[in-house]
S.K.: 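Structure in structure tokens, see below.
Position 1 is the first residue of the sequence, and the numbers go up from there. Here the structure is a predicted model, which is why all the values come from computation and not from measurement.
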Amino acid sequence: MGRLTTIKPRIGTLPPRLGPATGEVERNRHRDASLEYRGWYKTARWQKLRMSVLIRDRFTCQMVGCGRIDGNTSRLVADHKTPHRGDERLFWDENNLQCLCKPCHDKLKQREERRQHL
């Protein structure tokens, strides 16, 4: 009876397809370093504005058809209705912000923005 031989894995030789960062942490670190406005999210001013938006919207997702209420603020996002793309006026405008739950923001809203950006 013949010997079984193993096949060498080829997956390790494929080049990364997402750019210089391979994991989510590295991708975020790269974005933080390359986009100046990302630092605005780390300020006390932003944290205060974010909380005032969540309170104004009563911790309720504003996405049409969702309406999820969540008292755990780590699962809520203060989302920019009109993407600011570095425009300070749009970034800090409370009327341009809405409360979204993470699933709506990370899936539905991001899909909408990608479609508009094409």
S.K.: Using a 4.5 Å cut-off on heavy atoms from C-beta on, say whether the side chain of Leu54 contacts that of Phe59.
M.R.: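 Yes; the side chains approach each other to less than 4.5 Å.
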S.K.: State, to 0.1 Å, how close Cys61 and Cys104 come at their nearest heavy-atom pair, and which atoms those are.
M.R.: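 Residues Cys61 and Cys104, closest heavy atoms: SG-SG, 3.8 Å.
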S.K.: I need the Met63 CE to His105 NE2 distance, nearest 0.5 Å.
M.R.: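 The distance works out to 9.0 Å.
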S.K.: For Lys102 and Ser74, which heavy atoms make the closest approach, and how far apart are they?
M.R.: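 Shortest heavy-atom separation between Lys102 and Ser74 comes out as CD-O, 4.0 Å.
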S.K.: Looking only at atom types and distance, does a side-chain atom of His80 sit under 3.5 Å from a main-chain N or O of Thr82, one as donor and one as acceptor?
M.R.: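 Judged by distance alone, no pair lies under 3.5 Å.
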S.K.: Decide if atom NZ of Lys48 counts as having more than 12 heavy atoms of other residues, nucleotides or ligands within a radius under 6.0 Å.
M.R.: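 Incorrect, the count does not exceed 12.
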S.K.: Looking only at heavy atoms, what is the nearest atom pair of Pro83 and Lys81, with distance?
M.R.: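 In terms of heavy atoms, the two residues are closest at CD-O, 3.7 Å.
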S.K.: Could you list the cluster mates of Val53? Members are the ILVMFWY residues connected by side-chain heavy atoms closer than 4.5 Å, either directly or through other members.
M.R.: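 Besides Val53, the hydrophobic cluster comprises Leu35, Tyr37, Trp40, Tyr41, Trp46, Leu49, Phe91, Trp92, Leu97, listed by chain and residue number.
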S.K.: For Arg68, does the CZ atom have more than 12 heavy-atom neighbours from other residues, nucleotides or ligands under 6.0 Å away?
M.R.: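 No, because the 6.0 Å sphere around CZ of Arg68 holds 12 heavy atoms or fewer from other groups.
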S.K.: Ignoring hydrogens and angles, tell me if any N or O in the side chain of Arg56 forms a donor-acceptor pair with the backbone of Glu94 under 3.5 Å.
M.R.: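 Looks like yes, one N/O pair under 3.5 Å.
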S.K.: Can you tell me how far apart CG (Leu76) and OG1 (Thr60) are? Round to the nearest 0.5 Å.
M.R.: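 Answer for the CG-OG1 pair, Leu76 versus Thr60, is 8.5 Å.
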S.K.: Side chains of Gln62 and Asp79: does their closest heavy-atom pair fall under 4.5 Å?
M.R.: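 Sidechains of Asp79 and Gln62: no contact.
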S.K.: From Cys99 SG over to Ile69 CD1, what is the distance, rounded to the nearest 0.5 angstrom?
M.R.: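 Reported to 0.5 Å precision, the distance equals 10.0 Å.
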S.K.: Nearest 0.5 angstrom please: Arg75 CZ to Leu100 CG, how far?
M.R.: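 Here the interatomic distance stands at 15.5 Å.
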